[in-house]
Amino acid sequence: MPELPDVEVYKLLVEGSCLNRRIARAEVLDASMLAGIGRDELESALRGATISSVRRHGKHLFIGLGGSAWLELHFGMTGYLEFFPEAGGRTKHERLRLDFEDTSRLVYDCQRKLGEIGLIDDPETFIRQKGLGPDPYAGNLDRSRFAELVSSKRGSIKAALMDQSLLAGIGNVYSDEILLAAGLHPKAKAAELSQEDLTRLYEAMGRILSGAVERGADPGNMPGFLVAQRRPEGTCPRCGGSVQKLTVSGRSAYLCPRCQG
DNA sequence: TTCCATGTTCCGCA
DNA sequence: TTGCGGAACATGGA
């Protein structure tokens with residue numbers, strides 16, 4: 001589920017397990033996922049590099065390779081990272097494998113291949129070129145700026161939250177979580193929200209994103225969240241009522257009609 | 001077999 | 001100009 005909280009968890013994983021490790025061997029297992037670089041070029045850029053830092057903006061992860069190069073990862077709908085302390089760890093749909101000198105291994109897996117693997121010089125430039133909006137995690141975006149951005153959109157509030165050029169990192173699942181926590185209907189017009197609505201929304205966003213990261217963004221370990229109820233017969237984690245499914249701006253939206261009337 | 005899926009991008013149409 | 005619906009991408013589970 002690679003939205004902001006998931007990618008933040010991957011960032012913490014790489015920071016906790018790969019920092020200062022030197023890559024002995026890099027293997028691209030599916031070159032069709034590479035963006036703007038060839039297999040040989042990427043593998044040789046990775047080989048011998050030491051992981052020096054990790055950054056995240058929205059749904060993008062940037063792994064510093066020392067010097068001025070960064071490995072850039074996007075996870076599409078099905079991508080994830082897994083770290084293996086021992087040699088030989090495998091996952092089902094490996095697309096990139098980094099073997100460190102101490103035989104530990106980091107695998108990028110992406111079943112549906114809708115993600116992206118790239119090599120960039122500078123995250124700031126990349127973010128600008130992609131046209132990504134500010135990242136709303138952990139106080140990176142203040143309330144008044146958030147209100148200004150959201151109010152500037154003409155469409156639904158759900159579409160606004162998911163617009164990566166407005167705010168980077170919120171996708172379909174977390175937009176639903178945030179709207180339930182704020183008690184706002186996904187089809188409400190962004191530009192028509194009151195200051196009180198915007199404040200509730202901002203605070204709900206902060207709580208949901210931080211809460212999800214604290215729980216490892218694991219749907220099986222997120223009591224009080226809507227994520228496990230995205231199904232027929234799902235019940236609202238706040239009031240116990242039935243969850244409703246709608247299509248909003250082309251995506252499936254789950255909501256509680258009672259809490260989000 | 002058909003429908004659906006956490007993302008992004010492009011096209012046509014309001 | 002903005003936004004929406006639909007399709008495409010690639011793959012697999014229900």
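Naming: A, B, ... by sequence-line order, numbering from 1 per chain. For the numbers below, each heavy atom of this structure counts, side chains included, while hydrogens, waters and symmetry mates do not.
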message: What's A/R251 touching, base or sugar-phosphate or nothing? Going by heavy atoms closer than 4.0 Å.
response: base
query: Can you check the A/Q229 CD to B/dA5 P distance for me, whole Å?
result: 16 Å
Qualifying side chain to side chain donor-acceptor pair (under 3.5 Å) pairs, either residue in residues 144-156 of chain A, two or more places apart: A/D142-A/S144, A/R145-A/E148, A/K153-A/D163
field: Whole-Å distance separating the OH atom of A/Y80 from the P atom of B/dG7
entry: 18 Å
- prompt: In terms of hydrophobic clusters joined by side-chain contacts under 4.5 Å, are A/L167 and A/L198 together?
  reply: yes
query: Is a side-chain N or O of A/R22 found less than 3.5 angstrom from the main chain of A/D102, in a donor-acceptor match?
result: no
field: For atom OH of A/Y174 and atom C1' of B/dG7, their distance in whole Å
entry: 15 Å
query: Roughly how far apart, to the nearest Å, are C/dG3 and B/dT6 at atom C1'?
result: 22 Å
- line: By salt bridge (charged side-chain N to carboxylate O under 4.0 Å, His left out), A/R56 pairs with (sequence neighbours left out) A/E8, A/D135
query: How far apart are the closest heavy atoms of A/G183 and A/R200, and which atoms are they?
result: O-NH2, 4.2 Å
Interatomic distance, A/R231 CZ vs B/dT6 C1' [rounded to whole Å]: 17 Å
message: Between C1' on B/dG7 and CE on A/M162, what's the gap in Å once rounded to a whole number?
response: 10 Å
Strand-adjacent residues in residues 180-191 of chain A, judged by heavy atoms under 4.0 Å from DNA chain C: none
query: Mind checking whether A/F75 and A/Y108 have parallel, tilted or perpendicular rings, split at 30° and 60°?
result: tilted
- prompt: Do side-chain atoms of A/R230 reach the backbone of A/Y254 as a donor and acceptor pair under 3.5 angstrom?
  reply: no
message: Test: ring pair (Phe, Tyr, Trp, His ring centres under 6.0 Å). Region: residues 183-225 of chain A. Which pairs qualify, not counting sequence neighbours?
response: A/F146-A/Y202
query: Which residues satisfy the salt bridge (charged side-chain N to carboxylate O under 4.0 Å, His left out) test with A/R143, sequence neighbours excluded?
result: none
message: Rounded to whole Å, please give me the gap between CE in A/M222 and P in B/dT6.
response: 15 Å
query: On DNA chain C, which is the earliest and which the latest nucleotide, 5' to 3', with an atom closer than 4.0 Å to a heavy atom of chain A?
result: C/dT2 to C/dG13
task: Take the protein atom NE2 of A/H93 and the nucleotide atom C1' of B/dT6, then report the distance between them rounded to whole Å.
output: 16 Å
- line: Heavy atoms of A/C239 and A/C236 approach each other most closely as N-SG, 3.4 Å
- request: Would you confirm whether A/T78, through its side chain, and A/R112, through its main-chain N or O, come within 3.5 Å as a donor-acceptor pair?
  value: yes
task: Would you indicate what A/T247 reaches in the nucleic acid, counting non-hydrogen atoms under 4.0 angstrom: base, sugar-phosphate, or nothing?
output: nothing
- prompt: Is A/E3 reaching over with its side chain to a backbone N or O of A/G171, donor-acceptor style, under 3.5 angstrom?
  reply: yes
task: Look only at the side chain of A/K158 and the backbone of A/A188, and say whether a donor-acceptor pair between them is shorter than 3.5 Å.
output: no
message: With side chain to side chain donor-acceptor pair (under 3.5 Å) as the rule and sequence neighbours excluded, what pairs involving residues 38-55 of chain A come up?
response: A/R55-A/E124
field: Integer-rounded Å distance: B/dG7 C1' and A/E72 CD
entry: 13 Å
- prompt: Same cluster for A/L65 and A/V54 if Ile/Leu/Val/Met/Phe/Trp/Tyr side chains link at under 4.5 Å?
  reply: yes
- request: Quick one: list whatever passes salt bridge (charged side-chain N to carboxylate O under 4.0 Å, His left out) with A/R215, sequence neighbours left out.
  value: none
message: Checking the side chain of A/R95 only, and the main-chain atoms of A/C110 only, is there a donor and an acceptor separated by less than 3.5 Å?
response: yes
I'd like a table of atom pairs between the protein and nucleotides 2-4 of chain B - only N or O on both sides, under 3.5 Å - with the distance next to each one.
none

message: Stem list for DNA chain B, please, built from Watson-Crick and G-U wobble pairs under 3.5 Å and keeping only runs of at least 3.
response: B:2-5 with C:11-14, B:7-14 with C:2-9
message: Would you measure the distance from the C1' atom in C/dG6 across to the matching atom in B/dC3 and give it in whole Å?
response: 16 Å
A/H74 vs B/dT8: side-chain N/O to OP1/OP2 distance below 4.0 Å: yes
query: Heavy atom of residues 105-117 of chain A under 4.0 Å from DNA chain B: which residues?
result: A/R112, A/L114
field: For A/D176 against A/S252, the heavy-atom pair lying closest together
entry: OD2-O, 3.9 Å
Those residues of residues 144-155 of chain A lying under 4.0 Å from DNA chain C by at least one heavy atom: A/K153, A/R154, A/G155
query: Relative to the ring of A/H60, is the ring of A/F126 parallel (under 30°), tilted (30 to 60°) or perpendicular (over 60°)?
result: perpendicular
task: For B/dC4 versus C/dG5, give the span between their P atoms, rounded off to a whole number of Å.
output: 15 Å
